[in-house]
Amino acid sequence: MNQCATQSAAKTSVQPIQPAASPAFAIMLLIAGLCSGCGIPLPGGSMVEPAILGSKVDEINQLQEENAELAKLIVYCHEFEINLQQSLLDKAPDEQSTSTFRFNPETRARGIRLTPSGEDHIKEIADFLSNSQQYDAHYYAVVERSETSKRWATRHHYPVHRNPELDAMRRLVVVTALESLGVENADELVVIAPAFPTGMNATEAASAFQQTQRTQGRNLGN
């Protein structure tokens, strides 16, 4: 009898700890954490208090909204008429390599006239700038830098190049229009720069189009 009891006690002493104790231990740690507060202790003894839930998201949304308002002040290239350049055959050989953008002297400069939608946009920009100046706010209108000019010194004359001369003339058109609409210091408020909003790539555009089609289909079905 004693031998059996000894063997039974030996078997009992080598058994692993039952997992039933682990949930109780986790509950104890949770209670201890709640009692200590939401702060995260640092080695130096100070505490890091987490921000209010949603505060960072609100800050990001506000910044995006402000950037979207500034994007309304961009005069895009498509708001000017098409940048038509004269043919290479109309130029003298010595002129082909000295200029990236030349106009026929007997005609007006092409590519700088605003389209009807561009003129409407300039009126909206003028109203925005005039109101902001009353509150001592400083905003800038941006003329998008063009990248659709030909260079006659290149082999195929593709219209894929920048053109500072064209950009300067377009800027002057915008400045003159804003001044005629009552914007003070318009010459100081118009700059030439790339349009800062990033566009969609082909995959993103296709996905957005498909999503729009599905949404319209559901609305028509209802």
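Owing to the predicted nature of the structure, the values given are computational and were not obtained by experimental measurement.
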* Asked: How long is the gap from CG on L166 to CZ on R162, to the nearest 0.5 Å?
  -> 13.5 Å

* State plainly whether one hydrophobic cluster holds both L172 and V142, where clusters connect Ile, Leu, Val, Met, Phe, Trp and Tyr through side-chain heavy atoms under 4.5 angstrom apart. => no

* To do: Taking all heavy atoms of S117 and all of E79, pick out the closest pair and write down the distance.
  => O-OE2, 4.1 Å

* Group every Ile, Leu, Val, Met, Phe, Trp and Tyr by side-chain heavy-atom contacts under 4.5 Å, then state whether L63 and L73 land in the same group. => no

* Nearest heavy-atom neighbours spanning M200 and A205 -> SD-CA, 3.8 Å

* Using a distance-only test with no angle check, is there a side-chain donor-acceptor pair under 3.5 angstrom linking S146 and T148? -> no

* What heavy-atom pair brings L178 and V190 nearest, and what distance separates the two atoms? -> CD1-CG2, 3.6 Å

* Give a yes or no on whether V160 and F80 share a hydrophobic cluster (residues Ile, Leu, Val, Met, Phe, Trp, Tyr; joining criterion: side-chain heavy atoms under 4.5 Å apart). => no

* **Minimum-distance pair of heavy atoms, taken over all atoms of Y140 and V191** => CD2-CG1, 4.3 Å

* Pairwise distance CD1(I122) to CG(L181) - rounded to 0.5 angstrom -> 8.5 Å

* Asked: Which heavy atom in I125 sits nearest to a heavy atom in K72, and how many Å separate them?
  -> CG1-O, 3.9 Å

* Asked: Would you find a donor on one side and an acceptor on the other, under 3.5 Å apart, between the side chain of S180 and the backbone of A177?
  -> yes

* **Minimal non-hydrogen separation, E184 against L189, with atom names** => O-CD1, 3.7 Å

* Structure fact -> Contacts satisfying salt bridge (charged side-chain N to carboxylate O under 4.0 Å, His left out) that involve residues 167-176 (not counting sequence neighbours) are R171-D187

* Structure fact -> One should read off an interatomic distance between T115 OG1 and I82 CD1, to the nearest 0.5 angstrom, of 10.5 Å

* Evaluate the side chain to side chain contact (heavy atoms under 4.5 Å, CB included) criterion for residues E179 and V175: first the C-alpha distance (whole Å), next the side-chain angles of each, then the deciding distance (0.1 Å), finally the verdict. => CA-CA 6 Å; E179 289 177 344; V175 169; 3.7 Å; yes

* Asked: Do side-chain atoms of E204 reach the backbone of N201 as a donor and acceptor pair under 3.5 angstrom?
  -> yes

* Structure fact -> To the nearest 0.5 Å, atom NE2 of H121 lies from atom NZ of K123 at 13.0 Å

* More than 12 heavy atoms of other groups within 6.0 Å of E65 CD -> no

* Asked: Roughly how far, to the nearest 0.5 Å, is the CD atom of E144 from the CZ atom of F196?
  -> 11.0 Å

* Asked: Between Q210 (side chain) and S207 (backbone), is there a donor-acceptor pair under 3.5 Å?
  -> no

* Going from CD on E69 to CZ on F128, what distance comes out if it is rounded to the nearest 0.5 angstrom? -> 6.5 Å

* Are L129 and Y76 grouped together when hydrophobic residues (ILVMFWY) are joined by side-chain heavy atoms under 4.5 angstrom apart? -> yes

